[in-house]
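We count residues from 1, following the sequence as given.
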Amino acid sequence: MCKKDPRVKVINQENSGQGSARNRGIDSANGEYIMFVDSDDYVCKDFCQAAYESVWMNHTEIAIFDINVGTRVPYTRLTFNKLNCGCITKEEALSTTVNASFSVNKIYKSTLFKNIRYPLNILYEDIFTTYKLINTANSISYIKKPLYYYVQRDNSTVHHFTAQSMTSYFEANQELFEFFKLNYPKLASKMIDSVLQGSFYFLAYVDNTDNSLLIDQAEDNLKSLPLQKTMEVKWIIMTRLYRCFPKLTLRLFKKKVLHKNY
């Protein structure tokens with residue numbers, strides 16, 4: 001492929017995680033825009049063209065598009081129904097990160113990465129980074145069309161929970177939540193459901209003094225965050241039980257999720 005098209009570069013490096021791979025690509029890129037594709041996923045034929053046309057026609061620095069998610073055909077289309085095609089506000093763009101902080105369903109102006117890189121040696125690096133890129137952009141557009149196929153595999157990060165993955169997820173989610181609380185309170189209220197779920201899973205998998213500050217934060221979330229009417233009933237019940245019987249509720253939750261995962 002490199003011989004056929006001199007614009008194509010192959011970069012070899014030791015496997016050191018997605019964050020490192022993305023950063024290496026960013027550092028090596030010399031084009032005006034950047035897009036990401038993970039190794040086990042695939043894209044539509046007009047993946048680059050449709051994304052580029054959106055930023056070019058709308059004069060934007062980021063374009064967000066729908067994404068197909070699943071383990072097999074037919075995939076589930078993740079769409080943002082409340083958004084209109086074309087230019088959207090920064091808050092509308094950030095609303096797409098509440099439950100899905102993907103890096104791969106966007107095209108970015110390369111200058112946005114001037115002072116932003118993905119964290120190293122940590123999982124869920126997209127959650128740590130995507131909101132910062134959107135917040136840095138001066139203009140953003142949206143394409144109501146799925147251009148990317150995100151293939152979920154049984155052994156992937158999102159399906160295999162460990163103490164490391166749950167710690168990364170909790171930290172990333174908490175950072176995004178704190179950012180929303182300071183800057184976009186309405187989006188923070190929409191995140192409470194995922195923050196509470198993340199707190200339960202974190203406490204179920206992590207139990208050591210090295211994470212005492214995070215443990216305190218997770219426990220505080222479960223004790224104090226307001227319950228939303230839009231939350232799933234099971235999480236409302238779990239949270240209310242925790243507030244009355246924290247040790248018993250957590251013990252039962254641990255038994256359930258650990259048995260399910262193994």
Side-chain angles (χ1 to χ4, degrees), residues 1-2 5-11 18-19 21-69 75-119 124-151 172 176 179-180 183-184 187:
M1 187 177 291
C2 295
D5 191 335
R7 296 173 300 176
V8 176
K9 298 179 182 178
V10 175
I11 301 170
Q18 287 186 327
R22 296 202 201 287
N23 290 342
R24 182 69 183 277
I26 294 165
D27 294 337
S28 302
N30 53 22
E32 190 176 359
Y33 294 94
I34 290 175
M35 300 179 76
F36 299 105
V37 180
D38 290 340
S39 60
D40 49 358
D41 300 334
Y42 60 99
V43 301
C44 294
K45 290 182 178 180
D46 59 345
F47 173 66
C48 293
Q49 181 179 341
Y52 176 75
E53 286 178 352
S54 179
V55 293
W56 182 76
M57 293 174 63
N58 294 290
H59 306 286
T60 54
E61 294 182 330
I62 292 178
I64 302 170
F65 42 86
D66 291 350
I67 184 170
N68 286 321
V69 180
Y75 290 93
T76 300
R77 177 173 173 177
L78 177 60
T79 186
F80 308 103
N81 292 321
K82 294 183 179 180
L83 301 183
N84 295 317
C85 287
C87 293
I88 59 176
T89 67
K90 188 170 291 188
E91 185 166 1
E92 286 176 325
L94 285 166
S95 72
T96 68
T97 69
V98 170
N99 295 309
S101 288
F102 291 111
S103 289
V104 294
N105 70 326
K106 300 169 183 70
I107 183 172
Y108 310 85
K109 187 90 168 178
S110 58
T111 52
L112 294 174
F113 291 94
K114 181 179 180 181
N115 298 309
I116 298 175
R117 288 294 186 275
Y118 289 87
Y124 296 99
E125 73 288 337
D126 291 357
I127 302 178
F128 283 104
T129 313
T130 302
Y131 80 91
K132 296 173 185 173
L133 292 164
I134 293 175
N135 193 53
T136 302
N138 293 309
S139 52
I140 304 153
S141 54
Y142 169 60
I143 311 166
K144 196 180 286 288
K145 179 181 178 181
L147 301 177
Y148 192 95
Y149 289 82
Y150 180 79
V151 182
L176 180 59
F179 170 78
F180 282 158
N183 301 282
Y184 301 93
L187 296 183

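In this structure a side-chain-to-backbone donor-acceptor pair under 3.5 Å is present from K90 to N135. Looking only at distances, a side-chain donor or acceptor of S110 sits under 3.5 Å from a matching main-chain atom of G31.
Here the straight-line distance linking atom CZ of F180 with atom CG of L94 works out to 5.0 Å at 0.5 Å rounding. Distance NZ/K82 to CD1/I88: 14.0 Å, rounded to 0.5 Å. Distance check, rounded to the nearest 0.5 Å: SG of C48 to OH of Y33 gives 13.0 Å. D46 CG to Y52 OH: the interatomic distance, rounded to the nearest 0.5 Å, is 15.5 Å. Rounding to the nearest 0.5 Å places CG of L187 at 8.5 Å from CG of L176. In this structure, the separation between NZ on K144 and CZ on R77 is 7.5 Å, given to the nearest 0.5 Å.
For the side-chain hydrogen bond (donor to acceptor under 3.5 Å, both in side chains) test, residues two or more places apart in sequence or in another chain that qualify with T89 are E92. Scanning for side-chain hydrogen bond (donor to acceptor under 3.5 Å, both in side chains) contacts around T60 gives S141, with sequence neighbours left out. By the side-chain contact (heavy atoms from CB on, under 4.5 Å) test, A100 pairs with L78, F102, sequence neighbours left out.
The shortest non-hydrogen separation linking D27 to R117 is OD1-NH2, 2.8 Å. The shortest non-hydrogen separation linking D41 to Y149 is CB-O, 3.1 Å. Heavy-atom minimum distance, Y150 versus Y148: N-CD2, 3.8 Å. Minimum interatomic distance between T136 and E61 (heavy atoms only, all atoms of both residues): O-OE1, 4.5 Å. Contact record, A50 with I143: O-CD1, 3.6 Å, taken as the closest heavy-atom pair. Across every non-hydrogen atom of F65 and V104, the tightest pair is CZ-O, 3.6 Å.
Using a 4.5 Å heavy-atom cutoff, the side chains of Y142 and S54 are not in contact. Looking at L83 and T96, their side chains come closer than 4.5 Å, going by heavy atoms from C-beta outward. Annotation: side chain of I134 is in contact with side chain of K106 (closest heavy-atom distance under 4.5 Å). Residues S103 and Y118 are in side-chain contact: their nearest non-hydrogen atoms beyond the backbone lie under 4.5 Å apart. Proximity of D66 to K145: side-chain heavy atoms (C-beta onward) are nowhere separated by under 4.5 Å. For the pair H59/S139, no side-chain contact is recorded, criterion being any heavy-atom separation below 4.5 Å from C-beta on. Side chains of V43 and L147 form no contact here, defined as non-hydrogen atoms less than 4.5 Å apart. P119 is listed as a side-chain neighbour of T129, based on a closest heavy-atom distance under 4.5 Å.
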Q. Given N23 and E125, is the side-chain contact (heavy atoms from CB on, under 4.5 Å) satisfied, shown in steps?
A. CA-CA 11 Å; N23 290 342; E125 73 288 337; over 6 Å; no
Q) After noting the C-alpha distance and the side-chain angles of R22 and D126, does the key distance pass the side-chain contact (heavy atoms from CB on, under 4.5 Å) rule? A) CA-CA 10 Å; R22 296 202 201 287; D126 291 357; 3.5 Å; yes
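In this structure, F179 and Y131 have tilted ring planes: the angle between them lies in the 30° to 60° band.
A distance below 6.0 Å separates the ring centres of F113 and Y108.
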